[in-house]
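Note that these values count all heavy atoms, side chains included, but never hydrogens, waters or copies made by symmetry.
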Amino acid sequence: MNDNKKQLRIALRNCGFINPEIIDDYISRDGYMALGKCLTEHTPEETIKEIKDSGLRGRGGGGFPTGLKWEITRKSESDQKYVVCNADEGDPGAFMDRSILEGDPHSVIEAMAICGYCIGADKGLVYIRAEYPLAIERLQIALSQAREYGLLGENIFRSGFNFDIEIRFGAGAFVCGEETALIHSMEGLRGEPTFKPPFPSVSGYLGKPTNVNNVETFANIPAILNKGAAWFSSIGTEKSKGTKVFALAGKINNVGLIEVPMGTTLREVIYEIGGGIRDGKKFKSVQTGGPSGGCLTTDFLDTPIDYDNLIDAGSMMGSGGMIVMDEDDCMVAIAKFYLEFTLEESCGKCSPCRIGNKRLHEILDKITSGRGEFQDIERLQLLSQVIKDTSLCGLGQTSPNPVLSTIANFEDEYLAHVNEGKCPAGQCKALLKYEIIEDLCTGCTLCFRNCPVGAISGERRQPHYIDQSLCIKCGVCYEKCKFNAITLS
Amino acid sequence: MDTVQLTIDNKPIVVKKGTTILEAAKGIGIHIPTLCHMKLDDLNIENKPGGCRICIVEVQGRRNLAPACCTEVSDGMVVNSHSIRVVNARQTVMELILSDHPSDCLICPKSGNCDLQSLAHQLGIREIHYKGEQSTYREDTSPAIIRDIDKCIMCRRCEMMCNEVQTVGVLSAINRGFNAVVSPAFEMNLDHSVCTYCGQCVAVCPTGALTEVNHTSKVIRALSDPSKTVIVQTAPAVRAALGEEFGYEAGTLVTGKLVSALRRLGFDYVFDTDFAADLTIMEEGTELLNRLSKYLEGDKDVKLPILTSCCPAWVKFFEHQFPQMKEIPSTARSPQQMFGSIAKSYFAEKMNIKREDLVVVSIMPCVAKKYECGRDEFKVNGNPDVDYAVTTRELASLIKLANIEFTKLPDENFDNPLGESTGAGVIFGTTGGVIEAAVRTAYELYTKKSLPRLDFDELRGMEGIRHATIDFNGFPLNIGIAHGLGNARKLLEKIEAGESEFHAIEIMSCPGGCIGGGGQPYHHGNAEILKKRQMAIYREDKNKTLRKSHENPYIIKLYEEYLGKPMSEKAHSLLHTEYFDRT
Amino acid sequence: MTRIKNLADLHKIKEEVQSKNRLRSSLDYPEHLVQIKVGMATCGIASGAKETMKYLNDELEQQAIDAVVTKTGCLGYCYAEPTIEVTLPGKEPVVFGYVDKAKVVEIIDVYIKRGEQVEGIIPLNFQTIDD
Ligand SMILES: Cc1cc2nc3c(=O)[nH]c(=O)nc-3n(C[C@H](O)[C@H](O)[C@H](O)COP(=O)(O)O)c2cc1C
Ligand code: SF4
Ligand code: SF4
Ligand code: SF4
Ligand code: SF4
Ligand code: SF4
């Protein structure tokens, strides 16, 4: 492989190359070829075998083998089955699925039709968040073009196979990305998960067998069928085949969408593709797996990225968010940030997630505001473990991961907060202290006049003084002082 | 039959495929604690959201803990229901639930009967390690039910009852995460919703989040007012359940002690709603026969089937959901309201008591009765026919408050003239009873013959929808019975679609009828209790010398002295009502 | 549009589009064109890709340059949006980042008209499935 080309674009193969609103553009790059071949030359079983052989695993987070899922759904007997595309994409900062739908909607449509053929469904549903108007528009255009060409509808490729797709809009709740919640939301019920089993493959939408796959999972299908399972499984690691799309974000130079073969190291992603840390700062941590993932340290930079390695490292693949943090980021505050997200997004159905995450957040808040105690760290760990152990769905089962991984990898930062009342990264406002260096203070009164709460006192031309009990750490004095007489510690 | 082999706590067992770990454990005497789960056997009622996470157990080879109520057994499964890991997790989850719950036990209406409280005790919670903010919500008071949602633990039992069993659809979970609550749509108050006040949500709520509006202090105030004559009526289902509050086995009849306790509480007259139930049969039975004979004469406009109307929650249900059918139910008032109306007219005149000085209290198994007695059509110049309706549970608390040792009380008899009843009045308390009572009277009035047998076993039972055909001297009278509003809805939809063969249908809102009413002692998910109460009701009927409403001598006298005959003008104005479109 | 009934129909469309594209960028072909793709995904639009596309169209028209401007999806260089890809006849495609109005002018004047190098080229750092 060419050394400066670490990326390989399979799911994104057409994004940026074709006009997504022109179906001929897609066809010119082998679009609908895979569907045509399946319908006219292969049985569903052969096609499923090809997908199984490719080693493709779900890109929506769980990593379940896609071919196996199709096989299970195929074997579930029913008069009616459904194919559902999960385009809910609720991870903060993630936009892999949106980009695929905006840049290459036909690849998803084609794959859903293939899936329908394989499992014995004539109806597909795309569950997409309403906040993705452009993706919805392009998908709608693509659907009507595919219908006009007869690539959707009745008797596709004169094979007797019928298939059509409907769009359903999600209201933007993260938990509605969980497949059972997604199905309930489509049924007009409250978007909250239910216990599995039964899995959707056995009993899903309206109680019928339903194959749910992620957008990126689908986008891989036509390429696999066109180029063969052997080609696909030659890419990646032993148990994770193919590529993964990541949304690179945070303190990195080249923020954006990347697709790398499984097995690429975090270092390659961050330094070679991502162009390294912004402003020449020091790398501190990388968060994968979105709100349910963990924060990894330098120690893991050379870990090849795949499903299992990330779990072993205490994080997870998730749907592909990757956030890079530098020396200025406080890891306690980061954990708190993620907890805030889960707190907002928990459906509230089960007690450990509904109340437990609230308590975790409260303890983290206590620590970042300087009221933490040594025991709080252990309390966080114990509670996190119970929440993981007892929550109903994937959200609660993973929500404490940012807490556990930051404690495991950055315990010293927690200790600094609770033992010394210090935030090493200087992020936790409540732990900051603004002080006036007497020797440098000229007594110009500028700070005195600008302090919004009157915490500064002193005579003109005499050194001034900040009353710490009044100071709200707004930092105005620090900015105003012309003599660098104010320090921050 | 497919079976599965597994071990629970080292005990090997073989169970049917599809059994849950919870059921399998129960089978070998291992009690796994639960909170949100509730199952009423034979009534087809189950709440299994898997939300509270109290019943978690360790399953070998599984990454996380498994909820026993939802997890089906599989071959070779190895379950540990109380490993250190399980006990620790269970306690922690309980602590979390309690950390978001007010510590109001000392003054909580549910105290002593609260599933949460007893579970906290059972799990030995002595400290809450994770204290923090508690969710707060405004209190919502309606004519019958108080929602104190701060005490809600999101078990969703009420939601299941209201949606799946009653198909009323008032309660559902809204908002997310820590702010999630169970509420009527748009967070409106219950009294602005289509709630029927059936009280089934109250009957199953494991905490004090849903309780009845308490009228005991008003009753005490009336009893202590020397200018008032305070009389009381007690509904049939009360006598079959009150004993449970005093340690009696479910299904123990405590009629005599009930009367004696009421007398000791200071009621001036202790009467029986069963008397009014007999009266209801006279009116409703006559109405049925009138409609039936018109129908047999070929009148096409006659409204059949006739539907019973003694359950106020059912009345409110069709007023909201099927207003186009409001001409079909009988216009007869419920026994509670017939009693009130007769008490404040016939009895008051007889005793020479001014209406304003007569207070009528009713003891009901029901919370909807609180709402019913406040309806405008049951008031005269603003003065209600029934002043206060209190539940079986409230009566128990009154008895305890008055230091009456219930178990030591002698058996006493009801007062007259409004205390005499027949077995027909008694069986109003269970599903199928009203229609059986009506059949006993209607048959004899219609055929002018005496009934060969009085027990209509074909009308009895716990099946949600039942039907039977009774031979009325050659005319096959088709009878339907539904209990639970969801079952009622099914029958109504059939009638609307013109698919109903029925001539008369009995509908009760509560599963089991009034014995399972929202104001009864809590069954805590044990359906056996309901069945035992039902058997007690039939026992009481059997023990009565008179078992047909039209044979009640005081009813006969009432018509002679005051009402004339059933459906007379006077009977109409006092004993019948009209219904309203509430959409 | 006609219905696609078999694989041959599909191949026909594929061939047509590909040969059209080939022709357009072939110097030997009399009607060769400058081909420009503008990254018009949500990220591009949020950074002003719509304005860039409009301005580009206006400028090309005013200056009577033979070009086709089409929209395309996200190339992944979100940090450098708006991005455009310019293919001069007979040359390899080149991707430019941070394309605001000033950059449009520069690209047209310097790269398209004079064929000289312009700053801001983003090197392609990925392989495609056909590599
Ligand atoms: C809280 C939660 C949120 C999820 N959100 C998404 C999502 O936004 N998109 C998605 O494809 N899968 C999401 N999933 C995973 C789905 O439940 C499901 O596993 C996936 O759609 C299956 O597709 P795949 O096999 O192709 O990955 C989520 C899971 C959980 C527990
Ligand atoms: S874990 Fe959280 S999101 Fe999942 S069901 Fe429980 S409360 Fe809802
Ligand atoms: S609901 Fe139960 S636990 Fe809560 S205050 Fe009332 S009695 Fe106590
Ligand atoms: S009283 Fe009955 S109708 Fe009203 S909310 Fe409760 S269950 Fe629903
Ligand atoms: S109100 Fe009661 S029954 Fe309803 S969810 Fe809350 S605790 Fe459960
Ligand atoms: S069935 Fe009885 S207890 Fe239940 S609502 Fe009706 S009248 Fe009340």
Side-chain angles (χ1 to χ4, degrees), chain A residues 171-176 180-181 184 189-198 311 339-363 365-366 375-376 378-380 382-399, chain B residues 18 20 35-36 48-58 62-67 69-72 74 85-101 116 128-135 152-156 159 163 172-182:
Chain A
F174 174 61
V175 71
C176 285
T180 59
H184 297 311
L189 302 171
R190 175 173 161 90
E192 62 179 24
T194 38
F195 183 75
K196 294 186 277 192
I311 288 182
L339 249 294
E340 240 148 60
F341 178 82
T342 6
L343 213 54
E344 284 282 307
E345 298 298 333
S346 154
C347 79
K349 182 172 180 175
C350 70
S351 344
C353 173
R354 180 179 72 244
I355 310 169
N357 283 322
K358 174 86 178 168
R359 299 293 172 250
L360 283 182
H361 182 260
E362 284 167 348
I363 300 174
D365 187 57
K366 200 176 144 198
Q375 304 90 292
D376 284 335
E378 196 193 0
R379 228 171 262 167
L380 281 174
L382 290 174
L383 184 52
S384 292
Q385 199 49 53
V386 171
I387 296 172
K388 277 174 73 99
D389 244 5
T390 59
S391 287
L392 194 162
C393 87
L395 191 147
Q397 285 161 12
T398 57
S399 61
Chain B
T20 63
L35 185 54
C36 66
K48 198 166 78 169
C52 74
R53 315 310 277 184
I54 287 293
C55 69
I56 34 133
V57 294
E58 199 167 346
R62 206 183 138 116
R63 188 172 34 89
N64 55 357
L65 299 172
C69 69
C70 304
T71 312
E72 286 184 11
S74 61
R85 180 175 167 212
V86 168
V87 170
N88 168 54
R90 200 175 277 152
Q91 283 185 324
T92 304
V93 170
M94 190 63 188
E95 278 184 43
L96 286 174
I97 295 172
L98 295 180
S99 77
D100 185 27
H101 191 90
L116 183 65
I128 294 164
H129 294 90
Y130 304 99
K131 292 209 178 73
E133 187 192 329
Q134 298 193 345
S135 40
C152 171
I153 54 160
M154 291 294 286
C155 73
R156 320 285 285 275
E159 188 182 343
N163 290 278
S172 60
I174 54 161
N175 300 343
R176 285 217 283 263
F178 194 64
N179 298 320
V181 287
V182 175

A.B. asks: At a heavy-atom distance under 4.5 Å, which candidate from A/Lys366, A/Lys196, A/Arg354, A/Glu345 has the highest pair count against chain B?
C.D. replies: A/Arg354
A.B. asks: Please find the pair of heavy atoms, one from B/Cys52 and one from A/Ser351, that lie closest to each other, and give the distance.
C.D. replies: O-OG, 2.8 Å
A.B. asks: Could you have a look at B/Cys155, B/Ser135, B/Ala89 and say which one has the most heavy-atom pairs with chain A under 4.5 angstrom?
C.D. replies: B/Ala89
A.B. asks: Output all residues satisfying side-chain contact (heavy atoms from CB on, under 4.5 Å) with A/Glu192, sequence neighbours left out; order by chain, then residue number.
C.D. replies: A/Arg190, A/Cys347, A/Lys349, B/Arg156
A.B. asks: Measuring heavy-atom distances to chain B, does A/Ser391 have an atom under 4.5 Å in its side chain, in its backbone, in both, or in neither?
C.D. replies: backbone
A.B. asks: Examine whether an atom of B/Ser172 lies under 4.5 Å from a heavy atom of chain A, and if so say whether it belongs to the side chain, the backbone or both; otherwise answer neither.
C.D. replies: neither
A.B. asks: So what's closer than 4.5 Å to chain A heavy atoms on B/Ile97: side chain, backbone, both or neither?
C.D. replies: both
A.B. asks: With a 6.0 Å cut-off (strictly less than), is the heavy-atom count around CD of A/Glu344, excluding the residue itself, greater than 12?
C.D. replies: no
A.B. asks: Rounded to the nearest 0.5 Å, what's the gap from CG on A/Asp389 to CZ on B/Arg53? Could you check?
C.D. replies: 10.5 Å
A.B. asks: Taking C-beta and beyond as the side chain, do B/Phe178 and A/Ser346 meet within less than 4.5 Å on heavy atoms?
C.D. replies: no
A.B. asks: Rounded at 0.5 Å granularity, tell me how far CG in B/Asp100 sits from CD1 in A/Ile355.
C.D. replies: 4.5 Å
A.B. asks: Is chain B contacted by the side chain of A/Leu343, its backbone, both, or neither, given a heavy-atom distance below 4.5 Å?
C.D. replies: backbone
A.B. asks: Counting heavy-atom pairs under 4.5 Å to chain A, which of B/Ala173, B/Gly50, B/Cys36 comes out on top?
C.D. replies: B/Ala173
A.B. asks: Can you name the closest pair of heavy atoms from A/Leu392 and B/Pro49 and give their distance?
C.D. replies: CD1-O, 3.7 Å
A.B. asks: Does any heavy atom of chain A fall under 4.5 Å from the side chain of B/Asn179, the backbone, both, or neither of them?
C.D. replies: neither
A.B. asks: Quick check on B/Lys131 against chain A: is it the side chain, the backbone, both or neither that has a heavy atom closer than 4.5 Å?
C.D. replies: backbone
A.B. asks: Return the minimal non-hydrogen interatomic distance between B/Arg176 and A/Ala173, and the atom names on each side.
C.D. replies: NH1-CB, 3.0 Å
A.B. asks: Please report the interatomic distance NE2(B/His129) to CZ(A/Arg379), rounded to the nearest 0.5 Å.
C.D. replies: 7.5 Å
A.B. asks: Got B/Tyr130 and A/Val386 here, is their nearest side-chain heavy-atom distance under 4.5 Å?
C.D. replies: no
A.B. asks: Between B/Ala180, B/Pro67, B/Cys70, which has the largest tally of heavy atom pairs under 4.5 Å with chain A?
C.D. replies: B/Cys70
A.B. asks: Side chains of B/Ser99 and A/Arg359 only: does a donor on one sit below 3.5 Å from an acceptor on the other?
C.D. replies: yes
A.B. asks: For B/Ile54, is it the side chain, the backbone, both, or neither that has a heavy atom closer than 4.5 Å to a heavy atom of chain A?
C.D. replies: neither
A.B. asks: Can you tell which of B/Leu35, B/Val181, B/Asn88, B/Asn175 has the highest number of heavy-atom pairs within less than 4.5 Å of chain A?
C.D. replies: B/Asn175
A.B. asks: Could you tell me which portion of A/Thr390 (side chain, backbone, both or neither) has an atom closer than 4.5 angstrom to a non-hydrogen atom of chain B?
C.D. replies: both
A.B. asks: Take atom CD of A/Gln375 as the centre, draw a 6.0 Å sphere, and report whether it contains more than 12 heavy atoms from other residues, nucleotides or ligands.
C.D. replies: yes
A.B. asks: Look at B/Glu133 together with A/Lys358 and state whether they make a salt bridge at an N to O cut-off of under 4.0 Å.
C.D. replies: yes
A.B. asks: Does some side-chain heavy atom of B/Leu96 sit less than 4.5 Å from a side-chain heavy atom of A/Leu383?
C.D. replies: yes
A.B. asks: Please lay out, stage by stage, how A/Gln397 and B/Asn64 fare under the test side chain to side chain contact (heavy atoms under 4.5 Å, CB included).
C.D. replies: CA-CA 8 Å; A/Gln397 285 161 12; B/Asn64 55 357; 3.3 Å; yes
